[in-house]
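Report on the structure given below.
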Amino acid sequence: MATVTINGTVKLVGQTQQISEKFSKRELVLTEQGGQFPQYIPVEFTQEKTGHLDGFAPGDQVTVTCFI
């Protein structure tokens with residue numbers, strides 16, 4: 001797997017969705033100002049990692065490293 005690091009501003013912190021008895025997910029949407037127009041990048045957190053998003057709010061500056 002490759003990793004990617006994204007520096008951006010939090011646009012949205014979604015609610016945790018319980019997909020099944022054993023699977024949950026939560027979405028974080030970042031705004032990246034890398035080019036002429038802003039890019040909106042969704043990053044999905046699953047299972048126990050959904051709790052990592054509890055302290056974040058729209059407008060926060062963050063760096064996210066994820067696997068692609």
Side-chain angles (χ1 to χ4, degrees):
M1 269 193 273
T3 59
V4 64
T5 300
I6 304 164
N7 295 309
T9 305
V10 174
K11 179 169 177 59
L12 171 79
V13 180
Q15 296 294 318
T16 301
Q17 299 175 342
Q18 194 68 42
I19 304 302
S20 72
E21 186 178 308
K22 297 181 181 182
F23 184 75
S24 61
K25 68 178 184 174
R26 191 172 184 186
E27 186 175 68
L28 174 71
V29 179
L30 301 175
T31 304
E32 184 182 50
Q33 299 289 343
Q36 184 178 0
F37 300 103
Q39 299 293 311
Y40 299 106
I41 303 168
V43 180
E44 192 171 271
F45 290 69
T46 59
Q47 302 301 81
E48 69 279 348
K49 294 188 177 42
T50 60
H52 293 311
L53 300 178
D54 289 342
F56 295 101
D60 290 347
Q61 294 291 318
V62 296
T63 299
V64 176
T65 301
C66 54
F67 298 101
I68 57 172

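No hydrogens, no waters, no symmetry mates; every other heavy atom, side chains included, goes into these values.
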Rounded to the nearest 0.5 Å, what separates atom CD in Gln33 from atom CD in Gln39? 9.5 Å

One should read off an interatomic distance between Ile41 CD1 and Ile6 CD1, to the nearest 0.5 angstrom, of 4.5 Å

Among all residues two or more places apart in sequence or in another chain, which pass the side-chain hydrogen bond (donor to acceptor under 3.5 Å, both in side chains) test with Thr65? Thr5

List, by chain and then residue number, the residues other than Tyr40 in its hydrophobic cluster (Ile/Leu/Val/Met/Phe/Trp/Tyr, side-chain heavy atoms under 4.5 Å); write none if there are no others. Leu12, Val29

According to the salt bridge (Lys or Arg N to Asp or Glu O under 4.0 Å) rule, which pairs have a member within residues 1-20, sequence neighbours left out? none

Any residue meeting salt bridge (charged side-chain N to carboxylate O under 4.0 Å, His left out) with Glu44, in chain and number order, not counting sequence neighbours: Lys25

Pair up each side-chain donor or acceptor in residues 47-63 with any protein partner under 3.5 Å, not counting sequence neighbours, and list the distances.
residue	atom	partner	partner atom	Å
Gln47	OE1	Ser24	N	2.9
Gln47	NE2	Lys22	O	2.7
Thr50	OG1	Gln47	O	3.1
Asp54	OD1	Arg26	NH1	2.7
Asp60	OD2	Ala57	N	2.9
Gln61	NE2	Thr9	OG1	2.7
Thr63	OG1	Asn7	OD1	2.6

Determine whether more than 12 heavy atoms belonging to other residues, nucleotides or ligands lie under 6.0 Å from atom CZ of Phe23. yes

